[in-house]
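Before any comments, here is the structure.
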Amino acid sequence: MEICTGQYRYLLSIYRLTAEKRRIRCVDIADDLGVTRPSVSKMMKCMVRMELVEPDYCESVRLTKQGRELAHKFNSDYDMVYAFFRRMLRLTPDDAKEHAFQFMTSFPQTTVHKLSDVMQKSIEASQKKRNSAEIHNENPQN
């Protein structure tokens, strides 16, 4: 499914807010994204048509099964793409966030997955190296 940068931002916002709160309202999304409530309402109508958000979003915003699956898939890739821009390119958190959203919605999903996989392996290698150094420091063999 092709979605634009704005829809992507909303989808991830709802997904992440769901993990933090039991009930999500449009005002919560507006606060999270720094947009107006009318903007959220307009996007919710669009996302209902795309079958990503349940139609009764005025009471509580809930992702559909399709919306949850898509958001879950995007969330893990987003985290790795964000880490690339933040750690490797040393962008500010705001710039890394913006670049990650642009990358995720502009490049083919295969490219996004490849970058995500490379970043995941890089992080795992760094953690192994760090753990090995800690073990070596705890048990020096002199």
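Keep in mind that what you see is a predicted model, and the values were worked out from it rather than measured. Start at 1 with the first residue, then count along the sequence.
Panel note: side chain Ser116, backbone Val112; no donor-acceptor pair is recorded below 3.5 Å.
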Next on the checklist: Determine whether Val61 and Cys26 satisfy the following criterion, side chain to side chain contact (heavy atoms under 4.5 Å, CB included), listing intermediate values before the conclusion.
Outcome noted: CA-CA 7 Å; Val61 178; Cys26 288; 4.1 Å; yes
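Contact check for Tyr82 versus Met119: no side-chain heavy atoms found under the 4.5 Å cut-off. Here the side chains of Thr5 and Gln102 are in contact, with some heavy-atom distance below 4.5 Å. The closest side-chain heavy-atom distance from Phe84 to Val118 is not below 4.5 Å.
The stretch residues 97-130 participates, sequence neighbours left out, in these ring-ring contact (aromatic ring centres under 6.0 Å, His included) pairs: Tyr8-Phe101, Tyr78-Phe101, Phe85-His99, Phe103-Phe107. The salt bridge (Lys or Arg N to Asp or Glu O under 4.0 Å) pairs that include a residue from residues 4-21 are Arg9-Glu98, Arg16-Asp79, Lys21-Asp28, where partners are two or more places apart or lie in different chains. Listed by first then second residue, pairs satisfying side-chain hydrogen bond (donor to acceptor under 3.5 Å, both in side chains) with a partner in residues 63-74 read Tyr15-His72, not counting sequence neighbours.
Not counting sequence neighbours, Gln127 has no partner by the side-chain hydrogen bond (donor to acceptor under 3.5 Å, both in side chains) test. With sequence neighbours excluded, the residues satisfying side chain to side chain contact (heavy atoms under 4.5 Å, CB included) with Ser122 are Met88.
The two atoms that bring Ala83 and Ile123 nearest to each other are CB-CD1, 4.2 Å, heavy atoms only. In this structure, Leu63 and Ala71 approach most closely via the heavy-atom pair CD1-CB, 4.1 Å.
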Let me check something: any side-chain donor-acceptor pairs from residues 41-60 under 3.5 Å, sequence neighbours excluded? List them with distances.
from	atom 1	to	atom 2	distance (Å)
Asp56	OD1	Arg62	NH2	3.1
Asp56	OD2	Arg62	NH2	2.9

Result block: side-chain N/O donor-acceptor pairs under 3.5 angstrom for residues 30-37, not counting sequence neighbours:
from	atom 1	to	atom 2	distance (Å)
Asp32	OD2	Ser13	OG	2.5
Thr36	OG1	Ser39	N	3.2
Thr36	OG1	Ser39	OG	2.8

Let me check something: any side-chain donor-acceptor pairs from residues 89-97 under 3.5 Å, sequence neighbours excluded? List them with distances.
from	atom 1	to	atom 2	distance (Å)
Thr92	OG1	Asp95	N	3.1
Thr92	OG1	Asp95	OD2	3.4

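The distance from the CG atom of Leu17 to the CD1 atom of Ile24 is 5.0 Å, given to the nearest 0.5 Å. To the nearest 0.5 Å, atoms CD (Gln120) and CG (Leu115) are separated by 11.5 Å.
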